[in-house]
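In what follows, a single structure is set out as structure tokens and then discussed.
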Amino acid sequence: MAVVGRLPVIFINQLLLSLLLCLHFTTLIQGAGKWEDKYPFIREASTFSLSDGTNNESNGNNNKKGGYDYIIVGGGTAGCPLANTLSQKFRVLLVERGGVPFANANVSFMQNFHISLADTSSTSASQYFVSTDGVFNSRARILGGGTCINAGFYTRAGPSYIQKVGWDSKLVNESYPWIEKQIVHRPNLAPWQEAVRESLLEIGISPFNGFTYDHIYGTKVGGTIFDRFGRRHTAAELLATANPKNLDVLVHATVQKIDFDTSGKKPTAVGVIFKDENGKQHQAVLSKRKGSEIIVSCGAIGSPHILMLSGIGPKAELEKLNIPVVLDNKFVGQGMSDNPLNTIFVPTNRPVEQSLIQTVGITKVGVYVEASSGFGQSGDSITCNHGVASAEIGQLSTIPPKQRTLEAIEAFRRSKKNIPHEAFRGGFILEKIASPLSRGNISLVNTNPDDNPSITFNYFSHPRDLKRCVDGIRIVEKIAKSKHFTNYTQCDKETLDKLLNMSIQANVNLIPKHTHNTESLEQFCKDTVITIWHYHGGCHVGKVIAPDHRVLGVNRLRVIDGSTFKESPGTNPQATVMMMGRYMGVKILRERLGSAAGL
């Protein structure tokens, strides 16, 4: 090994990287107050007035009838690219209930991945909920939506998915790169991810498709929204190229309901009522120009929720809460699904580099295999964690779902201070059901939009989902026992036994002892199920919306987000949700302007 002044070159390289990371973080903190220069159209909801949206030529268009051409409810994964696209030609108001992600270290840096998810305060970037199944889950509550709190993996939907939903493949293939050029990166593959990649190939999940965004059977390395410094780039950054003269973005603006004119043959959306950060209510009005619309992009939980609070949903349910019925539609909130996740922890005898999702195995048995690693390298109780499977964020996989409680989370917080750091060394192999057939629903609890509705996913209620989970656990077992993986973990039996005993206290699941016993594995799947936050449905095409995403039975209202999906696209949905925002924005402009859209 070459030596420079008695210091190994590898040490010099590591020192330089650490200095670069420190400089990068310092730059972020120093520039914390400068994001307003880049996004001058983002402001607090309390600054809104009725004159907003009443424009003249100085606003970049000829709208003299007052109001906005488009009001987008929800500045999330789909809402941000949609707002950017529509602002190129029309006056747009984007309302988001959360704050901004810029200069928020808990959102911005990979090493802080689980802190936002563990934060249950009202100002957190995430809002936790517990489904009636007993599984803890999270919703984004921040500009940029789920891209601010997820594991960052970026991969497209497959051609068969695009064909099934009836999208224009040419426009789809133009819309994905629009996202990728702005916020997507090629990952530096971590050693844990390399070991999983080689093990997947060793057990026959082949061929190796290299680094690609495409959804192809076999093993691949996908993209990421984390850059080489571990900094996250969210959908909110897609607003940077919007037309600032045509866009208003309000943060801490919680929509209470959509306003309708019910005097015609069909109800017509005319505006939204929202509450600002001080609790004061405001009304934003839609322009009366032909083609103007309200677009709901609140996500799979938020969109059916706000439709029901606005009077669109099952009549009996609305009347129970004295919500005036605008449109009786029994399908709003139905057909909800969440892709079940089960994890196996593999301990090592040394610290492991942190990684989130980078490698994926796309099998032909309806299971996706992914991996994460390298958490808990600090004595800090919030840092000493298990990443995507951390108890602090409700991933209590060693406790059957119906027994999971906030008290159980707190008990783990307290007890883990006594767990040796060695118990947090290692990583997870994750198996996710690709297209679950089990279905649930959303129903109202009250009329407060700040509260979660009642959410049921009915994990493993369909026998085919359970069979796929059993197949997935057996694949994970083969990976953990493969030559490449055992060479990587390098644990002798004595060390392994010691680590396994520690892991029992650390809320992680190890390989089940009786994997040959299908009934035993089925119970393991049910008892250890957690989430990877890929829930979808509630506003399905043909039930709640038309193929062009217009809400059935209502004028001037669309839904554009993951609530419209019957299946989660690709191995991880964020790429396709962002793409859909861009895609639908272009479709709407072309529909309204024809060749003058220029897109």
What's the shortest heavy-atom distance between [X] and [Y], and which atoms?
X	Y	value
Met308	Leu318	O-CD2, 3.2 Å
Gln334	Lys330	CG-O, 3.3 Å
Ala157	Tyr161	CB-CD2, 3.9 Å

Give a yes or no answer on whether the side chain of [X] reaches the backbone of [Y] with a donor-acceptor pair at less than 3.5 Å.
X	Y	answer
Thr486	Lys481	no
Asn106	Ser116	no
Glu96	Gly75	yes

* Asked: Only one of Lys170, Met584, Lys587, Arg582 clears side chain to side chain contact (heavy atoms under 4.5 Å, CB included) with Ser175; which?
  ->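 The single option meeting the side chain to side chain contact (heavy atoms under 4.5 Å, CB included) with Ser175 is Arg582.
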
* Asked: What residues, two or more places apart in sequence or in another chain, satisfy ring pair (Phe, Tyr, Trp, His ring centres under 6.0 Å) together with His549?
  ->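 Partners of His549 under the ring pair (Phe, Tyr, Trp, His ring centres under 6.0 Å) test: none.
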
* Asked: For residues 200-221, which residue pairs qualify under ring-ring contact (aromatic ring centres under 6.0 Å, His included), counting only residues two or more places apart or in two chains?
  -> Tyr154-Tyr213, Phe211-Tyr213, His215-Tyr368

* **Distance-only polar pair, side chains of Ser355 and Ser373, donor-acceptor under 3.5 Å** => yes

* Any chance the side chains of Asn458 and Thr456 put a donor and an acceptor closer than 3.5 Å? ->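 Not at all, the side chains of Asn458 and Thr456 share no donor-acceptor pair under 3.5 Å.
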
* To do: Please work out which of the three classes, parallel, tilted or perpendicular, describes the rings of Phe485 and Trp192, given edges at 30° and 60°.
  => perpendicular

* Asked: Can you name the one residue among Asp214, Thr212, Thr155, Thr359 that meets side-chain hydrogen bond (donor to acceptor under 3.5 Å, both in side chains) with Lys220?
  ->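 For Lys220, the side-chain hydrogen bond (donor to acceptor under 3.5 Å, both in side chains) check succeeds only for Thr155.
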
* To do: Begin with the C-alpha distance, continue with both residues' side-chain angles, and end with the deciding distance and a verdict on side chain to side chain donor-acceptor pair (under 3.5 Å) for Ser297 and Asp561.
  => CA-CA 5 Å; Ser297 296; Asp561 58 26; 5.1 Å; no

* Take Glu522 and Lys526 through the salt bridge (charged side-chain N to carboxylate O under 4.0 Å, His left out) test and state the conclusion after the steps. => CA-CA 6 Å; Glu522 287 178 347; Lys526 292 177 182 178; 5.9 Å; no

Enumerate donor-acceptor pairs with a distance under 3.5 Å from any side-chain N or O in residues 565-573 to protein atoms, sequence neighbours excluded.
unit_1 : atom_1 : unit_2 : atom_2 : d
Glu567 : OE1    : Ser435 : OG     : 3.4
Glu567 : OE2    : Lys164 : NZ     : 3.2

